[in-house]
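Written out below as structure tokens is the structure these notes cover.
As the structure lists them, so they are numbered: ligands from 1, and atoms in each ligand from 1. Basis for what follows: all heavy atoms, side chains included, without hydrogens, waters or symmetry-related copies. Index from 1, following the sequence.
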Amino acid sequence: MKFNTKTIHGGQKPDDAFGSVIPPIYQTSTYAQSTPGGHKGYEYSRSANPTRTALEKSFACIENGNYGLAFGSGLAAIDAVLKLLEPGDEVISTNDLYGGSYRLFTTIFQKFGIKFNFVGMGNASNIEGFITDSTKLIWLETPTNPMMNIIDIKAAAVISKKYNILLAVDNTFATPYLQQPLDLGADIVMHSATKYIGGHSDLVMGALIVKDKDLADRLYFIQNASGAICGPQDSFLALRGIKTLHVRMQRHCENGKAVAEYLVNHPKIENVYWPGFESHPNHHIAKEQMNDFGGMVSFTTKGNNYEEAIKIVENLKVFTLAESLGGVESLAGHPASMTHASIPKEEREKTGVVDSLIRLSVGIEDEDDLIADLKQAIG
Ligand SMILES: Cc1ncc(COP(=O)(O)O)c(C=O)c1O
């Protein structure tokens with residue numbers, strides 16, 4: 001099956017009970033047994049639930065993996081990956097990443113004896129210099145949140161394989177429509193399914209997808225033992241979202257391009273971060289590993305003027321000032337005070353997250369209305 005068919009049919013079959021084409025919401029915690037252990041594959045909904053199973057099969061299929069796991073949030077999915085590690089293990093992470101991932105690493109897992117190195121990965125060979133005998137995991141996002149840096153997944157995978165280290169890729173911004181990290185050599189793909197996968201800003205969810213059975217078994221054990229699963233209603237909504245992922249992403253990419261090209265020519269705007277520009281430092285890698293450039297665009301005001309930036313986000317009318325991204329509606333965020341506030345100022349400024357940075361999640365509204373909204377807000 002090609003991708004646009006997989007989003008609709010991947011891992012799906014009519015429900016066994018009545019042939020329901022769409023998986024029912026199995027709103028149950030438990031399942032009747034005829035004798036102890038005599039059940040139809042489901043015992044208790046933390047371990048497995050049929051609606052969640054349908055979603056997990058869809059996750060596996062769209063990312064070209066063999067196993068999918070759904071969690072109660074993106075951070076719960078990352079938490080499960082980190083629980084593969086032992087005290088004393090080391091992680092090499094990109095230095096430009098979602099603030100909540102940084103907070104999870106530095107305030108929760110660091111105190112259990114896991115060491116994190118935050119490294120610029122614009123040149124993937126930088127990773128190699130940080131590898132020690134204790135390095136067990138390389139964690140990367142690409143495009144990164146919010147600076148839209150691009151990391152060469154294939155090159156990172158060559159390094160991870162050479163040293164027998166797990167490579168995990170947060171594929172939230174790109175989605176499998178644009179990029180399929182397992183095909184490029186990653187071991188684990190992670191999503192905040194809250195974003196493009198769900199696509200309608202109506203749920204919070206995380207996903208992991210892997211190819212390897214042993215790794216999948218270890219993660220399923222953690223999913224059940226730690227219990228950070230999502231419920232059947234959210235599983236149903238995410239499955240419905242996935243069915244239109246390809247058409248939504250196509251429009252997100254078109255509108256993202258139009259917005260980036262509008263902003264880059266605006267006299268009041270200093271920098272525009274979007275991997276589709278030929279001037280983007282890793283445009284050539286984006287072109288190779290992605291099918292298009294996505295709907296996320298970040299920019300700064302002339303002279304890094306904080307007050308100007310705040311005025312812009314307050315003036316927007318079609319774009320809503322809000323946390324999150326990846327829904328059909330356009331959102332604007334101010335990373336320094338919102339999504340990335342948990343990263344110390346000196347740390348975030350090193351990667352470009354300055355006080356005038358605005359991040360846009362360009363939705364699928366009419367392109368002309370989005371441009372007109374930016375025009376009136378920037379002035
Ligand atoms: C790139 C990225 N990874 C992970 C997360 C965390 O996901 P969640 O908010 O679903 O826990 C986010 C949330 O914004 C994100 O943008």
Original post:
Backbone, side chain, both or neither: what part of Met205 comes under 4.0 angstrom of ligand 1, heavy atoms only?
Top reply: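 Just the backbone.
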**OP:** Select one of side chain, backbone, both or neither to describe which atoms of Leu75 lie under 4.0 Å from any atom of ligand 1, heavy atoms only.
**Re:**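 Near ligand 1, Leu75 shows its backbone as well as its side chain.
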**OP:** Run the ring-centre check on Phe109 versus Phe116 and record whether the distance is less than 6.0 Å.
**Re:**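 No: the rings miss the under 6.0 Å criterion.
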Original post:
Centres of the Tyr196 and His252 rings: under 6.0 Å?
Top reply: yes
Subject >> Identity and distance of the protein heavy atom lying nearest atom 16 (O) of ligand 1 >> reply: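 Scanning the protein heavy atoms, the shortest distance from atom 16 (O) of ligand 1 goes to Asn145 ND2, 3.1 Å.
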Original post:
To which protein heavy atom is atom 6 (C) of ligand 1 closest, and what is the distance rounded to 0.1 Å?
Top reply: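 It is Tyr98 CE2, 3.4 Å.
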Between the side chains of [Y] and [X], is the shortest nitrogen-to-carboxylate-oxygen separation below 4.0 Å, so that they form an ion pair?
X	Y	result
Lys345	Asp355	yes
Glu128	Lys162	yes
Glu307	Lys311	no
Lys154	Asp183	no
Glu254	Arg251	yes

**OP:** For His191 and ligand 1, answer yes if some heavy atom of the residue is under 4.0 Å from a ligand atom, otherwise no.
**Re:**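 Distance cut 4.0 Å: His191 fails for ligand 1.
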**OP:** Work out whether the distance between some heavy atom of Lys195 and some atom of ligand 1 is less than 4.0 Å.
**Re:**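 The answer is yes: ligand 1 sits under 4.0 Å from a heavy atom of Lys195.
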Subject >> N or O pair under 3.5 Å between Asp170 and ligand 1 >> reply: yes
Original post:
Below 3.5 angstrom, do we get any N/O pair linking Phe173 and ligand 1?
Top reply: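 So ligand 1 has no N or O lying under 3.5 Å from an N or O of Phe173.
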**OP:** Any atoms of ligand 1 less than 4.0 Å from a non-hydrogen atom of Ser73? List them with their elements.
**Re:** 10 (O), 11 (O)
